[in-house]
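Bear in mind that the values here come from a model prediction, so they are computed numbers and not experimental data. Every heavy atom of this structure was used, including side-chain atoms; hydrogens, water molecules and symmetry mates were not. Reminder, nothing fancy here: chain letters follow the sequence lines and each chain counts from 1.
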Amino acid sequence: MEVVHATATPLALVQRVSALIDAGRAGAAGPLLAAARQIVAPSPELSLLAARLAESQGDPGLARAELDVAIEAAPDHAGLWKQRAALCQRLGDFDRAARDAAEAVCLDPADPDAKALLGSAMLSLGRPAEAWACLAEACAAVPTNAAFREALAIATEANGDPEAALGTLMEGLSPKGGALNLRNAAILFCIRHRAFQKAVALAEDGRIAGTVDACLFGLKGHAQSSLGLHTEAADSYAEALKLGPDDPYVRHLVQASGLLPGAKRAPPDYLRTVFDGYADRFDSHLIALGYQIPGAIRRIAMAYLDRHPGRPVLDLGCGTGLVGVAIGDLPVGPLTGVDVSARMLAEAGAKGIYATLEEADVQDWLDAENSQWGLILAGDVVCYFGALEALLRSVRERLAGDGWFVFSVEEHVDGESGWALLRQGRYAHSRDYLEDALGAAGFAVHALRPQVIRHEAGAPVPGFLIVAEPAALVN
Amino acid sequence: MNAIAMSRHGALRRCGVAPADPAAWNRLGRILLASEELCLAGAAFAEASALVPQALDIALLAVEVATTAGTLPDTLVRLADRCAADPFNVAAHTARGVVLQRLGRHDEALDAFEVASALAPDAPLPARLLGGVMARSNRLREAEAALRHAHGLEPDNADIANDLATVLMRMHRHAEARAILLRLLERSRESVTVLCNLATATTCVGLQEEAVALAEEAIRLDPDAVLPWRTLCSSLPYLDGASGERLLAAARGCAERLPRALHPSWSGLTRPPRANGMKVVGSSPTMTLKIGLLSGSLRSHPVGWLTVAGFEALDPDEFRLICFGRDAGGGDPIAARFRAIARQWIDTDGLSDAALAARAREIGVDILIDLGGYGDSSRMLACAYRMAPVQIKWVGMQNHSTGLAEMDFFIGDRWETPPEFAHLYSERLLCLPDGYVCYSPPPYAPDVAPLPALSNGFITFGCFNNLAKITLRVIQVWADILHRIPDARLVLKTHQFSDADTAARVRGRFAAAGIDPERIALRGSSRHRDFMAEYNDIDIALDPFPYSSGLTTCEALWMGVPTVVYAGEIFAARHSLSHMCNAGLADWVAYDTETYTALAVAKASGMAALAALRARLRAQVKASPLTDAPRFGTNLAAALRFAWKACISA
């Protein structure tokens, strides 16, 4: 018989546990820690390992309990206070995080990690001046720590000095690349402050240094697109997708550039990313572009509501509620808005016009819904669908027998029939295709007229405004 | 009463008179296991285990019983309880790991072996098992560490030594692997496995003739085994003078020995099932097709770099991709790209070839594209069982024909597989109108620097291919080029030069050809970006032969470096021909060594032209079909449709 006894020393076991936790191997660390605890006396080091393991296994409650007991037993151990501070910060208990981090600083005033933890907690508590003081010391002690530097930049910006914030980030970059996260933070900072040229330059420096990831190329593409460099942006997005193929936002843009087969619609995650990031300046931006759809829809809604006052109205892809504003003074019944973007809906909600606001993809929502509406509106929404058959069928199901479906599309002007995915990630449709698709979905065309959707680079974007009604009504 | 019955009777009696003797129960258990009395065997081992909980062999025999009886899940529960109750029980942790492995739960198995090995650092078996699972999970450095540890504890264990050698080979440390395998061979030349592994390692250190001889020795040892023939198929393409006919014969030799008789199926059919009157469900020429991709290399690997963009460019409404592959692990970006486009990912690890074929049939794969050939992760037997009505060979040990009757098509192009070579292939040739691959350059590729010769004042030739491709004849031809350009330099770069002895041997060969060693730089491995950056030291790449560059030529082109090519007969001898012509550089190709030599010298003499070409080459390649994924996707789609129509109309 081959009898094998455990011969590992306690120290070797504890070291192995620590290495396994660092490597994310909780499945192996757990049993070894259990073994170690049978032969090693309780200690702050073992408690720290147990807390780290518990948190890595998705049990922050157990991690917290381990630390509570350990701190009770060894209140002078700075590491325990730090660990608990970090845990509380991650759990959103910023008060506790700040207190624990402060305790760690008191126990070891020279420890930059403790100062950084305290600084981060202060930031979360909305105390940027104190945050800045802590983080500046941490950063001065370890200038190469990218996380310290990034937090310091946030604190500096929160203290009202964006230039200095950018300078903090830039100081951490090097010609050889530096920390990728720091570079991406600097690029994003520039984009947020509309310094697109600088953003592109920083991204290009990173590319030359070989310090790249999907985020860097994605940000570069965004900056290039903002500068009107659409071909270059397409290349950047294509590179981003090679490194981050699971990003639906980038994938849709690469499809729009023609480098990948086009999808039949913009994915909900793409729409969410676009509009969540856009919500706070959406209205002003659209007005600046001469957005005409809400006004055009109002005129049609007036005609319908004159004959059918008080009918419930469904606003698909309501966004910030511009269509709701346009028809708010008309004799509408309860107004329901559906949009995939939570932040856009928040803006719509603030306008106080909608009776109901639903956060959902319009296709999914229509398919799950049972009610019917007299007036269904879709201003600048159908442009995110290529093939319309499924959407039109779903709308038809939700439209009352005497209802109208009013929607806008961009016109596919290349002389071809059908639909196409355009560079900007929106779809355009030909008149022939619209008529065929509406007919196939059980609609009759009440009106289909040319309509300028908005202006881009000073030029009008041609489209159609369509009023469709159930085909049975016509017969 | 026969001998077996008497042994059984005796063992039973012994347990009866000495119930506290674990050896008695152990012996009884082994006898019962041998006679497949599984329930009783399990009970006997349980008795022994209760008496000696730390007995590793008994714990593992109990796992064997459970495996045969189909009761692994129950055994797993019992072992988990035992581990929780006694966290120091190495036998229980090890046995648990084996059970998890057999249940396909490899990550958990890895953890269990890790625990066992950490608890008992002096026990070789847990370390060996840990190394094995690490290797399967592509954690090669950790696998090496575990296996070296096991090897150190049991240096005479041939299996551990062989496992270590295979891991080293996967890490491109072929010289070290070869040394281990040679020592094993000294003890016995009867092991086909060792001979074949040694043949592979020997090929990779550039000793092509010796490698083929080893493969042929393995064939003589066991003429009907598949492994020696597979090894020959892998070694022969590197051998100077190996003809297309000889390669086809070797491939047929391998294919014929695949054990089809074990699995009743469509196997043995040399034409797709439809042609044999079997219904291909829902067949129509324009239907959405399920395309199976079969490969253990759907990751950062030549297979990945040369095919992923092409697959990405297929319309997902027309072609549904199902990947039959292995988990690359570690966030490999190419693997992530395959996963993003796959409708399904079937992990082939742990699936037998029969089970793999059955799974593909169950899914209803219409076209299976093999991307592994007779290489390390070969699944040609699954192809022999027929995974799909249409089977196509493409990139991935695509050095020549598969010789497999069940492989219907072979993707090539007008350069790789011109009509006059069709008789050298057992498959029907599917010639794509541009090149046969689509290269996807990495986003982190460095910029192209100006021509080094402008600042150096001399030409630097380079070859970044693996040493398997560099034969004695190649060295002689390159030496001839260097003799004709007295101030030129040559840089060779490959993993194998990280081994000092290997580098010394190659340097010696150049010296024997009269070349001052100072003119030859031998560089070892580096990270991919750095590897590509080193093309900024090279003016002109020299293609080896007969086995041409594939991905290497594409990467050189992307870095502004054209390659002088000698195109031969076999498929592997024409890769660079295809890539260079596809990129608009057909004037860099020769068809004999004299012209190759003259071409290299001529191209090196035109510094201005060379500099101008370098400056525009990346843009030229970017605009060429070699990297035009949408165009390639259209071509690939048409080829797949053609193959499908041929199947349903047969």
Side-chain angles (χ1 to χ4, degrees), chain A residues 1-9 12-13 15-17 19-20 23 25-39 204 206-214 216-217 220 235-236 238-248 251 254-255 257-264 387, chain B residues 22-23 26 48 52-58 60 83-84 86-91 93-94 107-108 110-116 118-123 125-126 308-309 312-318 333-334 336-341 440-447 529-530 533 629-630 633:
Chain A
M1 278 177 293
E2 188 188 346
V3 175
V4 178
H5 294 289
T7 57
T9 63
L13 271 185
Q15 285 175 338
R16 195 76 194 114
V17 170
L20 286 166
R25 307 262 317 274
L32 287 175
L33 182 61
R37 281 186 130 168
Q38 285 197 6
I39 58 174
E204 183 61 6
R207 186 198 66 77
I208 290 169
T211 316
V212 296
D213 65 358
L216 181 137
F217 280 112
K220 186 181 180 190
D235 281 346
S236 295
E239 300 292 67
L241 194 64
K242 284 179 183 177
L243 297 172
D246 294 324
D247 187 330
R251 181 169 292 275
V254 176
Q255 288 169 333
S257 72
L259 292 174
L260 282 180
K264 287 185 175 160
Chain B
N26 186 17
V52 191
Q54 302 285 5
L56 180 54
D57 54 338
I58 292 174
L60 294 179
C83 290
D86 180 8
F88 288 93
N89 190 325
V90 178
H93 285 294
T94 307
D107 285 348
E108 293 170 86
L110 196 154
D111 286 338
F113 292 141
E114 183 81 65
V115 171
L119 289 171
D122 299 328
L125 182 58
V308 70
E312 286 174 334
L314 291 176
D315 187 336
D317 289 332
E318 273 200 68
I334 300 273
R337 289 169 69 178
F338 275 107
R339 282 192 183 271
I341 57 174
S440 180
Y444 50 76
D447 288 341
R529 187 178 192 270
D530 295 332

Given that the side chain runs from C-beta out, which part of Val52(B) has a heavy atom under 4.5 Å from chain A: side chain, backbone, both or neither?
side chain

Heavy-atom pairs under 4.5 Å with chain A: which of Pro53(B), Ala533(B), Ala91(B), Pro441(B) has the most?
Pro441(B)

Taking Asp315(B) for its side chain and Pro261(A) for its backbone only, find out whether a donor-acceptor pair lies under 3.5 Å.
no

Can you say whether Glu312(B) sits under 4.5 Å from chain A via the side chain, the backbone, both, or neither, judging by heavy atoms?
both

Would you say CG of Asp213(A) has more than 12 non-hydrogen atoms from neighbouring residues, nucleotides or ligands within 6.0 angstrom?
yes

Looking only at heavy atoms, which two atoms of Met1(A) and Ala23(B) are closest? And how far apart?
CE-N, 4.0 Å

Per-residue contact mode, Leu13(A) against chain B (heavy atom under 4.5 angstrom)
side chain

Under 3.5 Å donor-acceptor, Lys242(A) side chain and Arg337(B) backbone:
no

Please classify the contact of Val212(A) with chain B as side chain, backbone, both or neither, using a heavy-atom distance under 4.5 Å.
side chain

For Asp57(B), is it the side chain, the backbone, both, or neither that has a heavy atom closer than 4.5 Å to a heavy atom of chain A?
both

Contact origin within Ala209(A) toward chain B - heavy atom pairs under 4.5 Å
backbone

Contact class of Arg16(A) relative to chain B, heavy atoms under 4.5 angstrom:
side chain

Give, as side chain, backbone, both or neither, the part of Leu110(B) having an atom under 4.5 angstrom from any heavy atom of chain A.
both

Value rounded to 0.5 Å, distance of CG in Asp317(B) from NZ in Lys264(A)
4.0 Å

In terms of heavy-atom proximity below 4.5 Å to chain B, should Asp247(A) be classed as side chain, backbone, both, or neither?
neither

